[in-house]
Amino acid sequence: MSVKAPCHQDCREYIQVDVFRGMCRVKEGYLVSDAGACELFFPEKKCRLCSSYRDSGGELGTCGGKTPAYPGMIAKTCENFEWEVPPDE
Ligand code: SF4
């Protein structure tokens, strides 16, 4: 799976404010969540980017084929998270 995630809501610097908007920890002002990312983009850890995530073809996948997992679920506190494709630092 590709690590490409070109919108703000998939960036580790993005802070969700409501369903459509958020703020950036680096830049000022509000952002539209699904608008294109900037040059500082770095992917947030999410289940779909983890080597244990298994796509089930629908909106819900699994972790290791066992536990249900939403692909867009933030996984920065998961101690088992491992990048499927490590992003460039
Ligand atoms: S660093 Fe760039 S891509 Fe990431 S949230 Fe801020 S403006 Fe968006």
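Bear in mind the structure is a predicted one, so any value in this text is a computation, not a measurement. In each ligand, atom 1 is the first atom listed, and ligand 1 is the first ligand listed.
When atom types are taken as modelled, the side chain of Arg25 and the backbone of Arg12 share a donor-acceptor pair closer than 3.5 angstrom. A donor-acceptor pair under 3.5 Å is absent between the side-chain atoms of His8 and the main chain of Asp34, judged by distance alone. Judged by distance alone, the side chain of Tyr14 and the main-chain N or O of Met23 form no donor-acceptor pair under 3.5 Å.
The closest side-chain heavy-atom distance from Ser51 to Trp83 is not below 4.5 Å.
For His8, the N/O/S atom at the shortest distance from atom 8 (Fe) of ligand 1 is named ND1.
The distance from atom 6 (Fe) of ligand 1 to the nearest N/O/S atom of Cys24 is under 2.8 Å. Among the atoms of Cys7, no N, O or S atom falls under 2.8 Å of atom 8 (Fe) of ligand 1.
Looking at atom 4 (Fe) of ligand 1, its nearest protein heavy atom turns out to be Cys11 SG, 2.5 Å. At the shortest separation from atom 2 (Fe) of ligand 1 among protein heavy atoms lies Cys38 SG, 2.2 Å.
Short contacts between ligand 1 and Leu40, defined as distances under 4.0 Å to a heavy atom of the residue, involve ligand atoms 1 (S).
With respect to Arg48 and Asp10, a salt bridge is recorded, a charged nitrogen being found less than 4.0 Å from a carboxylate O.
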